[in-house]
Amino acid sequence: MSEQTKTLWILANKALLLGLVITVTYVQGEAVTPWHLLVILLYVCFNMAIAICKSSSIHQALHYIALGTLLTAAFRVDLAFFLLLPPLIHGLASRWIRRHGICFVLMLLPLVLVPEALLTEYIMSALFSFLLGVLVMNSTESMAKYENMVERLRSELFLANRRLAENDEYLKQSEYTYKLEERNRLSQEIHDKIGHSIAGALIQMEASKRLLETDKVRARELLQNAISISKEGIDEIRHVLKNMKPPPEQLGIHRMQLFLEAFSSHNPLRTSLIYRGNIDLIQPIHWKIIQDNTREALTNALKYSDATAVTVDIRGLGAMIRVEVADNGSGASKIVKGLGIQGMEERMAALQGKLLVDGTKGFSVTMLFPILDKSE
C-alpha cells in the first residue's frame, strides 16, 4: 500500500465517522448550532493538515490540538464528538507503540467519559478504526519489506552484472593471451625446424656455388644435400600447417554452436544442437547453406510461431546429409511459402538438395543434401 493510498483510507475512515456524528446528532433531535459547524470545519481542517504535513513534530502537534479540540467540543457542544476520538488516538499512539493491543486499550480509555447512550457507537467506532489502522500498518510494513527486497535484488543484480562484465573481460584477456602464446609457439616452431632447414640448405648451396668450377663432384653432392634439406623443410611446413588447421567438420560444428549461442543470447529462444553420424561428409559449401537456412528458420520461428525452443539436428547418413530445424511453436495448418522459404529452396537447389517444410507439430524445416564428390 502506497503512502497516498494509506492516507486516503485514513481520511475515508474519519469522514465516515464524521457522517456518523452528524447522523447521531440528527437522530437525537438536537439543533445544529454554529458551534457544531465550527467544530466540524476545524476537524476537517486539522485532518487535512495532518494528511498534508510531512514534518513529524508538526504532525504530532496537530494530533494533540485536534484531540484537545474534540474533547472540548464533546463537553461544551455535543457529546457525539467523542465518536471522532478513536482514529486520532490510534494515529498518535501508533507512532510510538508497535503493539496493536496496547493501541486498542488506549483507544478505549475515553469510555469513562462517554455517556451510556453512546457506549455502543463509541466501541464500534474504536473497533472499526482499530481494524482499519492495523490493516494500513500491516500493508505499509509489507510494502516496506517488498521495497527493501526489491532494492536488495537490484543490488544483487548490479553485482551480478558487474561480475559478468568482469568475467567477459577475463575471457577476452584469456583469449588474447592464448592467441599470443599460440603465435609465440608457432614462431618458435618455425624458427627451430623450418628456419634451420632453410639456413642449412642455403649454406650447402653457397658452398656448391664456390666449388662449381674447381670440384664439380663435390659441388653436385652439396647441391643434392641442399635439395634434400629443402624437401625436409617443405615437409615440416606441411606438417605444421596440418596440425594448425582444424578438421572441416569440427570447424563447421564449432561455428554452428557459436552461431546458435549468439542467437539465444540476443533473443528469447532456447537453441540446442544435436549432431551424429559421419559429420566429416559435410563440406564447407554445405555448412554455408546450413547456417544460412538455419538463420532464416530461426528468424521465422521468432516472428511467427510463438516458440520458446528450437532444435537443430544434423546427421551424416550413408548417402546424404540430413539437417532438421524444428521449434515447439504453434505450427501452421497451411504452409505459405514466402520469400524466406523460397530463398532456402534456391540455396538447396544449387547443390541438388531438397527442402521439406512441416507445420503439423510445431514448425520444422528439413534439408536433404546428396553426398558430393570431394574431388569436385
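Leu317 approaches Leu281 most closely through the heavy-atom pair O-CD1, 3.2 Å. Here the closest non-hydrogen pair linking Met256 and Thr294 is CE-OG1, 4.2 Å. Shown here for Val325 and Ala297, the closest heavy-atom pair between the two residues is CG1-CB, 3.8 Å. Annotation for Ala307 and Leu269: closest pair O-CD2, 3.2 Å, computed over non-hydrogen atoms. Nearest approach of Ile279 to Ile314, heavy atoms of both residues: CD1-O, 4.2 Å. Contact between Asp327 and Val310 at its shortest, heavy atoms only, is CB-CG2, 3.8 Å.
Residues Val312 and Glu324 form no side-chain contact, since every pair of their non-hydrogen atoms from C-beta on lies 4.5 Å or further apart. Inter-residue side-chain proximity for Ile321 and Ile371 is flagged as met; some heavy-atom pair is nearer than 4.5 Å. Annotation: side chain of Arg322 is not in contact with side chain of Met367 (no heavy-atom distance under 4.5 Å). In this structure, Gln257 and Tyr275 have side chains that are in contact, with non-hydrogen atoms separated by less than 4.5 Å. The shortest distance between side-chain heavy atoms of Gln291 and Phe259 falls below 4.5 Å. Side chains of Leu351 and Ile289 form a contact here, defined as non-hydrogen atoms less than 4.5 Å apart. Annotation: side chain of Asp313 is in contact with side chain of Arg276 (closest heavy-atom distance under 4.5 Å). Put simply, the side chain of Leu368 reaches to within 4.5 Å of the side chain of Thr366, judged on heavy atoms.
Residue pairs meeting the salt bridge (charged side-chain N to carboxylate O under 4.0 Å, His left out) criterion with at least one member in residues 356-368: none, sequence neighbours excluded. A salt bridge (charged side-chain N to carboxylate O under 4.0 Å, His left out) check over residues 142-157, counting only residues at least two apart or in different chains, returns the pairs Glu151-Arg154, Arg152-Glu156.
Shown here are the salt bridge (charged side-chain N to carboxylate O under 4.0 Å, His left out) partners of Asp306, two or more places apart in sequence or in another chain: there are none. Checked against side-chain contact (heavy atoms from CB on, under 4.5 Å), Ala309 has the following partners two or more places apart in sequence or in another chain: Arg270, Asn328. Annotation: side-chain contact (heavy atoms from CB on, under 4.5 Å) contacts of Leu41 (sequence neighbours excluded): none.
Here the CG atom belonging to Leu67 is positioned 6.5 Å from the CG atom belonging to Leu71, to the nearest 0.5 angstrom. Atom CG in Asn293 sits 10.5 Å away from atom CD in Glu346 (nearest 0.5 Å).
Counting heavy atoms of neighbouring residues, nucleotides and ligands inside a 6.0 Å radius, atom CD1 of Ile274 exceeds 12 of them.
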Inset, instruction - Tell me, with the steps shown, if Thr271 and Leu298 meet side chain to side chain contact (heavy atoms under 4.5 Å, CB included). - result: CA-CA 9 Å; Thr271 58; Leu298 289 173; 4.2 Å; yes

Legend entry - Phe369/Ile282 under side chain to side chain contact (heavy atoms under 4.5 Å, CB included): CA gap, chis, key distance, verdict: CA-CA 9 Å; Phe369 297 92; Ile282 306 177; over 6 Å; no

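Met320 and Ile285 are members of different hydrophobic clusters when ILVMFWY side chains are connected at heavy-atom separations under 4.5 Å. Both Leu302 and Ile341 are members of a single hydrophobic cluster when ILVMFWY side chains are connected at heavy-atom separations under 4.5 Å. Tracing side-chain contacts under 4.5 Å through hydrophobic residues (I, L, V, M, F, W, Y), one never reaches Met348 starting from Leu356; they form parts of separate clusters. There is no path of hydrophobic side-chain contacts, each under 4.5 Å, that joins Phe363 to Tyr304.
Of the possible polar contacts, none joining the His266 side chain to the Phe263 backbone as a donor-acceptor pair under 3.5 Å is found. Side-chain N or O atoms of Thr311 include none that pairs as donor or acceptor with a backbone N or O of Ser272 at under 3.5 Å. Here the side chain of Ser265 pairs a donor or acceptor atom with the backbone of Ala262 at under 3.5 angstrom.
Between Glu345 and Lys337 there is a salt bridge, since at least one side-chain N of the basic residue sits less than 4.0 Å from a carboxylate O of the acidic one.
Applying the 4.5 Å side-chain rule to ILVMFWY residues, one finds that Tyr146 remains a lone member of its cluster.
At a cut-off of 3.5 Å, with distance as the only test, no side-chain donor of Ser305 or Ser330 sits close to an acceptor on the other residue.
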